Amino acid sequence: LARRSRALAHAAELIETRLHRTPEALKLYERALSARPDNLTAFRALERLYMAEQLHRELVSLYQRAIDRASDKQERVTLLGKLAAIYEDA
């Protein structure tokens, strides 16, 4: 699964940066993260693209899943802060 996740994230990056097809890249990044929830490349790309595209529901879901997985207290606090900022801006 790790190899598949990395391959999906790499394909998504190419589609995003070379072909400028954000919707397709988002789907591939989502599949990469689904295959390996610890895929930081896919997580960061989704976070960046959800913000850029103002996909707030998706961003909230991304953070909630990350909070559920977080093993480190500081990581949870950081993610909760990001989640709170979304609700403040809404």
Side-chain angles (χ1 to χ4, degrees):
L1 284 176
R3 182 178 287 165
R4 175 175 167 72
S5 180
R6 283 193 305 272
L8 286 166
H10 181 67
E13 181 182 1
L14 292 174
I15 288 172
E16 177 192 356
T17 59
R18 299 218 174 135
L19 302 178
H20 307 287
R21 295 187 343 214
T22 301
E24 292 173 45
L26 280 169
K27 288 177 186 173
L28 288 174
Y29 282 128
E30 288 164 357
R31 287 177 53 199
L33 194 62
S34 179
R36 283 297 297 254
D38 62 343
N39 184 327
L40 200 52
T41 299
F43 178 86
R44 287 184 177 150
L46 286 169
E47 181 180 41
R48 177 178 47 76
L49 290 172
Y50 288 158
M51 284 183 194
E53 298 293 319
Q54 297 185 2
L55 297 170
H56 299 118
R57 281 191 194 138
E58 290 82 352
L59 189 57
V60 165
S61 177
L62 180 71
Y63 288 152
Q64 287 174 333
R65 286 178 285 158
I67 290 165
D68 291 343
R69 278 193 338 272
S71 58
D72 178 68
K73 183 178 179 180
Q74 186 57 45
E75 182 182 0
R76 264 191 244 100
V77 168
T78 299
L79 290 163
L80 286 166
K82 289 180 177 187
L83 196 55
I86 295 168
Y87 286 111
E88 277 183 5
D89 292 342

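From a predicted model like this one, the values you see are computed outputs, not experimental measurements.
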**Prompt:** What's the verdict on side-chain contact (heavy atoms from CB on, under 4.5 Å) for Y87 and V60, showing C-alpha distance, side-chain angles and the deciding distance?
**Reply:** CA-CA 9 Å; Y87 286 111; V60 165; 3.5 Å; yes

**Fill in**
For A32 and A9, the nearest pair of non-hydrogen atoms, with its separation, is CB-N, 3.8 Å

**Prompt:** How would you list, by chain and number, every residue that makes a salt bridge (Lys or Arg N to Asp or Glu O under 4.0 Å) with R76, sequence neighbours excluded?
**Reply:** none

**Message:** Within the 4.5 Å heavy-atom criterion, are D38 and F43 side-chain neighbours or not?
**Reply:** no

**Prompt:** Roughly how far apart are S61 OG and E30 CD, rounded to 0.5 Å?
**Reply:** 9.0 Å

**Complete:** On a heavy-atom basis, the closest approach of A66 and L79 is CB-CD1, 3.6 Å

**Request:** Check T41 against N39 and note the closest heavy-atom contact, atom names and distance.
**Result:** N-OD1, 3.1 Å

**Prompt:** Measuring from L62:CG to M51:CE, what's the distance to the nearest 0.5 Å?
**Reply:** 9.0 Å

**Asked** Passes side-chain contact (heavy atoms from CB on, under 4.5 Å), R31 versus R4? Steps please.
**Response** CA-CA 9 Å; R31 287 177 53 199; R4 175 175 167 72; 3.1 Å; yes

**Closest contact, heavy atoms only, A12 versus L28** = CB-CB, 3.5 Å

**Message:** Taking R48 first and then E16, would you say they form a salt bridge - that is, a charged N and a carboxylate O separated by under 4.0 Å?
**Reply:** yes

**Message:** With a 4.5 Å cut-off on side-chain heavy atoms, are E58 and E53 touching?
**Reply:** no

**Prompt:** Do L83 and L59 come within less than 4.5 Å of each other through their side chains, counting heavy atoms only?
**Reply:** no

**Asked** Under 3.5 Å, side chain of T78 to main-chain N/O of Q74, donor-acceptor pair present?
**Response** yes

**Distance, nearest 0.5 Å, that separates OG of S34 from NZ of K27** = 15.0 Å

**Prompt:** Any idea which heavy atoms bring I15 and E24 closest together, and the distance?
**Reply:** CG2-CB, 4.0 Å

**Item:** L55 side, atom CG; L26 side, atom CG - distance, nearest 0.5 Å
**Value:** 6.5 Å

**Carboxylate-amine/guanidinium contact E13 R18, below 4.0 Å** = no

**Request:** Would you name the heavy atoms of R65 and L33 that are closest together and state the gap between them?
**Result:** NH1-CD2, 4.5 Å

**Request:** Any chance you could measure Q64, atom CD, to D68, atom CG, to the nearest 0.5 Å?
**Result:** 7.5 Å

**Asked** Less than 4.5 Å apart, any side-chain heavy atom of L80 and any of Y63?
**Response** no

**Request:** Say whether, by atom type as modelled, one donor and one acceptor occur between the side chain of R69 and the main chain of P37 under 3.5 angstrom.
**Result:** yes

